[in-house]
Protein chains: 2
Amino acid sequence: MNNLNIYTKKLRESGLRPTRQRLKICEVLFSPEKTFHFTIKDLTKIIEQKLSEKISLATVYNTVHAFKKKGYLKEISINSDKSYFDTNVTEHHHFFDEDTNELIDCGKNEIDSVNIKQNITGKKIKSVEVLVKVATDNQNQN
Amino acid sequence: MNNLNIYTKKLRESGLRPTRQRLKICEVLFSPEKTFHFTIKDLTKIIEQKLSEKISLATVYNTVHAFKKKGYLKEISINSDKSYFDTNVTEHHHFFDEDTNELIDCGKNEIDSVNIKQNITGKKIKSVEVLVKVATDNQNQN
DNA sequence: ACTTATATTAAAATAATTCTAAACTGTTGA
DNA sequence: TCAACAGTTTAGAATTATTTTAATATAAGT
Ligand SMILES: [Mn+2]
Ligand SMILES: [Mn+2]
Ligand SMILES: [Zn+2]
Ligand SMILES: [Zn+2]
């Protein structure tokens with residue numbers, strides 16, 4: 001079974017119609033061997049470059065949100081004014097390079113599992129994630 | 001020495017002129033006994049309510065960024081399209097209530113110190129913070 | 001094929017934040 | 001004391017990410 005059929009099946013199973021646009025976006029997001037992080041702008045650029053197809057910005061937003069809702073993408077909290085998304089949907093930690101604004105996965109085995117002693121009444125823990133900010137040593141004294 | 005003099009001194013020492021607006025904002029941010037989290041919108045609302053003074057939105061932004069640069073405020077990474085600020089500038093962890101969008105401090109003693117085994121070549125760790133997302137148990141299946 | 005619910009689209013709307021450029025004010029030193 | 005200047009405030013415009021709108025197109029079931 002080729003990728004297209006796999007994506008078609010995956011989408012149908014999620015109750016999402018396998019449209020031309022969604023299949024193209026699946027191809028871009030899920031065919032790379034490695035998972036990666038991206039912004040909507042990044043994704044739009046990749047689509048423009050790798051595909052002959054033009055996909056409207058609204059559709060890119062719609063699709064990314066639909067995929068997130070289905071659990072095929074994760075949104076990452078970064079100190080920034082734009083959203084980052086992650087094709088690695090497992091719970092994991094990140095390094096954030098403040099010099100380059102680059103987000104780097106941190107292997108689960110690189111950080112001991114975080115033990116939380118406190119709990120919020122009536123609330124359940126949905127995720128526990130660590131963000132390690134890094135930068136070059138020369139502290140910028142502006 | 002009253003608060004105003006303290007803030008005046010603090011600002012002067014930072015190379016910031018103790019203007020009427022900055023002193024008012026200091027009062028709002030730093031006189032409460034407890035630290036707290038806020039957005040620019042929150043702060044603007046507090047200023048409108050608690051103070052006779054009107055402070056322009058641009059000045060609120062300018063001041064918050066100036067205070068952040070001087071280390072009197074911290075910006076918090078939340079999965080959202082607006083920035084949260086924290087008057088607690090010590091390194092600490094947070095709970096984020098996904099139902100209410102509320103940010104709650106997690107005592108340093110409630111989470112064991114996080115040990116990072118990986119390191120990024122040429123980069124220094126600037127901060128290590130944990131974000132615990134919580135929500136009511138009934139998972140929303142939308 | 002026909003129907004209908006879904007999806008795509010361009011364009012407009014929204015919302016947070018930053019920029020601009022003019023007016024204002026705190027500080028300094030003659 | 002006060003002129004001069006750098007730093008600050010301000011309203012409003014600009015920018016940017018994201019969402020909404022409403023019209024058109026398409027997938028899927030009959
Ligand atoms: Mn910012
Ligand atoms: Mn969002
Ligand atoms: Zn990741
Ligand atoms: Zn806090």
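In what follows, every heavy atom counts, from backbone to side chain, and hydrogens, waters and symmetry copies are set aside. Owing to the predicted nature of the structure, the values given are computational and were not obtained by experimental measurement. Just so it is clear: chains get the letters A, B, ... in the order the sequence lines come, proteins before strands, and each one is counted from 1.
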Side chain to side chain contact (heavy atoms under 4.5 Å, CB included) partners of B:Lys117, counting only residues at least two apart: A:Glu110, A:Asp112, B:Asn115
Within this structure, what is the CD1-to-C1' distance between B:Ile78 and C:dA16, rounded to whole angstrom? 16 Å
Under 4.0 Å protein heavy-atom contacts per nucleotide of nucleotides 21-30 of chain D, with B for base, S for backbone only and - for none: -----BBS--
In whole Å, I'd like the distance from the NZ atom of B:Lys70 to the C1' atom of D:dT8. 14 Å
Nearest-angstrom distance from the residue atom CG of B:Asn62 to P of C:dA16: 18 Å
How long is the line joining NZ of B:Lys82 and P of C:dT14, in whole Å? 16 Å
Taking the minimum atom-to-atom distance to the side chain of B:Gln21, which one of D:dT18, C:dA16, D:dT10 wins? D:dT10
Of all the nucleotides listed (D:dT19, D:dT9, C:dA16), which has the minimum atom distance to the side chain of A:Tyr61? D:dT19
Take A:Phe67 and A:Val89 through the test side chain to side chain contact (heavy atoms under 4.5 Å, CB included) and record every step on the way to the result. CA-CA 11 Å; A:Phe67 287 5; A:Val89 294; over 6 Å; no
Find the distance A:Asp81:CG to C:dC19:P and express it as a whole number of Å. 11 Å
Taking transitive links into account, so neighbours of neighbours count too, which hydrophobic residues share a cluster with A:Ile111 at under 4.5 Å side-chain distance? A:Phe95, A:Ile104, A:Val114, A:Ile116, A:Ile120, A:Ile125, A:Val128, A:Val130, A:Val132, A:Val134, B:Phe95, B:Ile104, B:Ile111, B:Val114, B:Ile116, B:Ile120, B:Ile125, B:Val128, B:Val130, B:Val132, B:Val134
Side chain to side chain donor-acceptor pair (under 3.5 Å) with B:Ser56: which residues, sequence neighbours excluded? B:Thr59
By side chain to side chain donor-acceptor pair (under 3.5 Å) - contacts of A:Thr44 (at least two apart): none
Please state whether the phosphate of C:dT17, meaning OP1 or OP2, lies under 4.0 angstrom from any side-chain nitrogen or oxygen of B:Ser83. yes
Just call it for A:Ile55: base, sugar-phosphate, or nothing, with non-hydrogen atoms closer than 4.0 Å on any strand. sugar-phosphate
Does B:Ser56 place a side-chain N or O at less than 4.0 Å from the phosphate oxygens OP1/OP2 of D:dT9? no
Check the distance between C:dT25's P and B:Leu23's CG and give it to me in whole angstrom. 15 Å
Just say parallel, tilted or perpendicular for the rings of B:His92 and B:His37, cut-offs at 30° and 60°. parallel
Who are the side chain to side chain donor-acceptor pair (under 3.5 Å) partners of B:Tyr84, not counting sequence neighbours? none
Round to the nearest Å and state the distance from A:Ile25 atom CD1 to C:dT9 atom C1'. 13 Å
Find the distance A:Leu57:CG to D:dA17:P and express it as a whole number of Å. 10 Å
OP1 or OP2 of C:dT17 sitting under 4.0 Å from any side-chain N/O of B:His65? no
